[in-house]
Structure formats: structure tokens, C-alpha cells
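The structure's right below; bear with me while I get my questions together.
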Amino acid sequence: MAKMIFIPDNFEIDFNFTDGNCHKEKTGICPMDCFNKLNIKDLSQIRRNEYEFCPRMANKMLNGTLNPTFPVEIYFHKKCGHFSFQDGRHRTCITKHLHNLDIQYDLIVTIHQPNDKCVECKRKSKIKTISFV
């Protein structure tokens, strides 16, 4: 386990978002694609799949006012090379969008490196092929 600055734009990451926790999955529109530095407002009354959630979190991250309850914890699964999250996938996704907009943000994460496959790869390896003759 190591703490480090994680640059998510160097990796293809499946954040495993759903329409219940991501506005893009819910509507097809990612508010971070239109991000600009808006006024910071309270995040406590906003659901994670609402349009304002990620831009407001991004502003708090950039201004140093985000006080996360849990640190960003990422698992790098050595046997398949994929990443998964214990906590922090929204912050990681936001950081990736900020970097795409040439806005620098250092995301400090704890990386665990289990010697296994991610859940999705484990699931795929359990699917049995059925052939008909």
C-alpha cells in the first residue's frame, strides 16, 4: 500500500458508474464537459447523479475546501492490470476531466496492489462457453 499522486489521464479506467450515481449515465450529458469555475455551493443537498454535483465538487477540490470523510483508495489488480475503487471514484473522474481541460490538480491516493483480478475479470473468467453440435 502506497500513498502517491495519481494521474488518472494516463489510464483507461472503468468507474463503474450507474444512473443512480452519475449524471452522464442518467442523461448522457457529463457536466464536467462544460466545467468552469462556478460559485462553490454546499454539496450536502445534492445527489451524486444531479448536474451540479461534480462541478461543485471540482470547485471544492480546486479551492482546497473539500473535506472528504474517506481518502481516495484505489486497487491495482496485478493479474489483469485494471483499477477498482474502495472510495474516491468521483474525485478520480473529476481529476481526469480537470486534466483534460489543462487544469492541474494533484489527487493523493492510497494504492493497494492485490495479486488478483478485478471483479469484472473474475466474473468473465467464470462464464462458461456453451457450444452446440
Side-chain angles (χ1 to χ4, degrees):
M1 172 168 53
K3 283 195 175 203
M4 61 181 283
I5 294 174
F6 184 67
I7 303 171
D9 35 319
N10 293 343
F11 305 97
E12 186 174 325
I13 301 171
D14 180 4
F15 291 99
N16 199 26
F17 287 130
T18 67
D19 61 358
N21 61 20
C22 178
H23 187 75
K24 183 175 182 176
E25 294 295 322
K26 179 180 169 185
T27 66
I29 299 167
C30 178
M32 289 303 297
D33 290 341
C34 305
F35 177 76
N36 58 36
K37 293 182 180 181
L38 307 169
N39 292 329
I40 298 173
K41 296 182 182 175
D42 184 21
L43 287 171
S44 64
Q45 300 301 318
I46 299 174
R47 293 176 184 239
R48 291 176 186 225
N49 66 352
E50 291 184 24
Y51 187 83
E52 298 88 0
F53 183 81
C54 289
R56 288 183 184 179
M57 182 177 275
N59 278 320
K60 285 185 165 247
M61 289 166 61
L62 291 170
N63 291 321
T65 58
L66 181 68
N67 186 16
T69 305
F70 300 102
V72 176
E73 290 198 51
I74 299 174
Y75 290 83
F76 175 71
H77 299 275
K78 292 180 180 179
K79 288 191 176 179
C80 63
H82 295 140
F83 292 92
S84 64
F85 294 86
Q86 175 68 30
D87 196 64
R89 59 186 169 165
H90 281 93
R91 288 171 277 168
T92 305
C93 185
I94 289 166
T95 300
K96 190 169 187 168
H97 277 86
L98 291 173
H99 289 180
N100 288 342
L101 296 168
D102 293 323
I103 300 171
Q104 183 58 39
Y105 181 78
D106 291 336
L107 182 68
I108 307 296
V109 304
T110 299
I111 296 199
H112 305 271
Q113 297 185 37
N115 192 24
D116 64 2
K117 292 181 181 180
C118 69
V119 172
E120 185 65 19
C121 286
K122 287 177 188 174
R123 186 188 66 76
K124 286 179 182 177
S125 66
K126 289 182 181 179
I127 296 174
K128 296 182 179 174
T129 306
I130 300 174
S131 60
F132 296 95
V133 183

If you define the side chain from C-beta out and look only at heavy atoms, does anything of Phe85 sit under 4.5 Å from Asn16? no
Determine whether a donor-acceptor pair (N or O, by modelled atom type, separation under 3.5 Å) exists between the side chain of Asn21 and the backbone of Thr18. yes
Could you go through Cys30 and His97, starting from their C-alpha distance and side-chain angles, then the distance that decides it, and tell me whether this counts as side chain to side chain contact (heavy atoms under 4.5 Å, CB included)? CA-CA 10 Å; Cys30 178; His97 277 86; 3.4 Å; yes
Output, in order, the C-alpha distance, side-chain angles, deciding distance and verdict of side chain to side chain contact (heavy atoms under 4.5 Å, CB included) for Lys78 and Gln113. CA-CA 6 Å; Lys78 292 180 180 179; Gln113 297 185 37; 3.5 Å; yes
Check: Cys121 and His82 side chains under 4.5 Å, non-hydrogen atoms: yes
Provide the closest heavy-atom pair for Asp9 versus Asn100 in the form atom of the first, atom of the second, distance. CB-OD1, 4.4 Å
Passes side chain to side chain contact (heavy atoms under 4.5 Å, CB included), His77 versus Val119? Steps please. CA-CA 9 Å; His77 299 275; Val119 172; over 6 Å; no
Closest heavy-atom pair, Lys79 versus Asn115, reported as atoms and distance to 0.1 Å, is CE-O, 3.5 Å
What's the separation between atom CG in Leu101 and atom NZ in Lys96, rounded to the nearest 0.5 Å? 13.0 Å
Distance check, rounded to the nearest 0.5 Å: Ser84 atom OG versus Lys117 atom NZ? 14.5 Å
Is the gap between the ring centers of Tyr75 and Phe83 under 6.0 Å? no
Report the distance from atom CD1 of Ile111 to atom CD1 of Ile74, rounding to the nearest 0.5 Å. 5.5 Å
Could you tell me whether a side-chain N or O of His99 sits under 3.5 Å from a main-chain N or O of Pro8, the two making a donor and an acceptor? no
For Gln104 against Leu62, the heavy-atom pair lying closest together: O-CD2, 4.1 Å
Checking Thr27 side chain against Lys24 main chain: does a donor-acceptor pair fall under 3.5 Å? no
Kindly determine whether His112 and Glu73 satisfy side-chain hydrogen bond (donor to acceptor under 3.5 Å, both in side chains), including the steps that lead there. CA-CA 7 Å; His112 305 271; Glu73 290 198 51; 2.6 Å; yes
Does His90 form a side chain to side chain contact (heavy atoms under 4.5 Å, CB included) with Cys54? I'd like the steps, not just the answer. CA-CA 7 Å; His90 281 93; Cys54 289; 4.1 Å; yes
Locate the shortest heavy-atom distance separating Met61 from Leu66; write the atom from each residue and the value. CG-CD2, 3.5 Å
Shared ILVMFWY cluster between Met4 and Ile94, side chains joined below 4.5 angstrom? yes
Which value, rounded to the nearest 0.5 Å, describes the distance between Ile7 atom CD1 and Tyr105 atom OH? 13.5 Å
Does any part of the side chain of Pro31, heavy atoms only, come nearer than 4.5 Å to the side chain of Glu52, both counted from C-beta? no
Any side-chain to backbone donor/acceptor pair from Arg91 onto Leu107? Under 3.5 Å, distance only. no
Please name the pair of heavy atoms, one in Pro114 and one in Phe76, separated by the smallest distance, quoted to 0.1 Å. CD-O, 3.4 Å
Flag the pair Val72 / Phe6 as yes when at least one side-chain heavy-atom distance between them is below 4.5 Å, and no otherwise. no
